Amino acid sequence: LLVATGRESNSDLLLAERGHSGLTVIMLDLEGFKRVNDEFSHSIGDETLRVVSQAISDTIRRDELVARRGGDEFAIVTGASDPEDIETLIRRISHNVSDARVDLLPSVRSGVTVGYATYIEGDTVGRLLARSDRALHDAKSRSKLERWSWRQRRLEDAADELGDDS
């Protein structure tokens with residue numbers, strides 16, 4: 001699956017269909033990224049994306065793929081299909097992204113909202129991506145108010161930190 005370019009490859013789906021492996025697409029959305037760009041600059045936003053990309057890449061296995069879908073969304077393609085394995089991977093990624101720091105804003109921690117879909121018989125690449133997108137959208141909708149409060153406190157701390165260094 002070449003998620004980054006939008007080109008589709010059905011070879012992974014054929015393997016999953018034949019029972020050789022599972023296939024799951026995990027979608028991640030960075031929490032508060034727009035405000036980082038707006039309040040601290042696009043160069044800080046770009047650096048945040050680089051740091052987060054590296055944290056994700058360092059977390060996944062060699063046979064897994066990470067791609068930026070655009071803006072602050074990333075997709076991970078994994079052969080995992082067992083819900084426990086997927087949840088473990090998501091926890092590791094979330095932890096490592098949260099621990100990743102941009103040098104100029106060390107108090108800002110990036111959080112992620114996650115949705116995923118696992119291949120089911122008859123899926124196409126488009127349907128699998130659409131289901132993972134829908135799962136991400138549902139996750140973002142469920143806890144928006146709670147995330148807003150937590151994110152606001154983190155950004156206020158970062159603004160205070162930048163103000164001290166000026």
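For clarity, every value in this text was computed on a predicted model and none was experimentally measured.
- Scanning both residues, N96 and A55, for their nearest heavy atoms gives O-CB, 3.8 Å.
- For the pair S57 and V66, the tightest heavy-atom approach, listed with the atom from each and the gap, is OG-CG1, 3.6 Å.
- A side chain to side chain contact (heavy atoms under 4.5 Å, CB included) with V114 is found for exactly one of I90, D29, I86, namely I90.
- Rounding to the nearest 0.5 Å gives a distance of 8.0 Å between CZ of F74 and CG of L28.
- Residue H42 holds its NE2 atom at 12.0 Å from CD1 of I44, rounded to the nearest 0.5 Å.
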### Message
side chain to side chain contact (heavy atoms under 4.5 Å, CB included) for L49 and R68? Distances and angles first, verdict last.
### Response
CA-CA 9 Å; L49 289 173; R68 185 170 166 214; 3.4 Å; yes
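- Atoms OG1 and CD, from T59 and Q54 in turn, are 9.5 Å apart once rounded to the nearest 0.5 Å.
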### Task
Carefully, step by step, assess F33 and V52 under the rule side chain to side chain contact (heavy atoms under 4.5 Å, CB included).
CA-CA 11 Å; F33 181 73; V52 167; over 6 Å; no
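- In terms of heavy-atom proximity, A117 sits nearest to S132 at CB-N, 3.5 Å.
- Put simply, the side chain of T78 does not reach to within 4.5 Å of the side chain of I60, judged on heavy atoms.
- By the 4.5 Å heavy-atom criterion applied to side chains, L89 and R92 are counted as neighbours.
- In this structure, E73 and L136 have side chains that are in contact, with non-hydrogen atoms separated by less than 4.5 Å.
- Here the side chain of E87 pairs no donor or acceptor atom with the backbone of E84 at under 3.5 angstrom.
- Between Y119 and R127 the shortest side-chain heavy-atom distance does not fall below 4.5 Å.
- At a cut-off of 3.5 Å, with distance as the only test, no side-chain donor of D133 or H137 sits close to an acceptor on the other residue.
- Two residues are said to be in side-chain contact when any heavy atoms from C-beta on lie closer than 4.5 Å; T118 and R131 fail this criterion.
- Between M27 and T113 the shortest side-chain heavy-atom distance does not fall below 4.5 Å.
- I93 contributes atom CD1, which lies 11.5 Å from atom CG of D58 (distance to the nearest 0.5 angstrom).
- Within the 4.5 Å cutoff, no side-chain heavy atoms of T48 are placed close to those of R50.
- V25 is not listed as a side-chain neighbour of I76, based on a closest heavy-atom distance of 4.5 Å or more.
- Ion pairing between a basic and an acidic side chain is recognised when a charged N comes within 4.0 Å of a carboxylate O; D38 and K34 show such pairing.
- We find the CG-CG distance between D46 and N37 to be 7.0 Å, quoted to the nearest 0.5 Å.
- For the atom pair I120 CD1 and L23 CG, the distance stands at 12.0 Å (nearest 0.5 Å).
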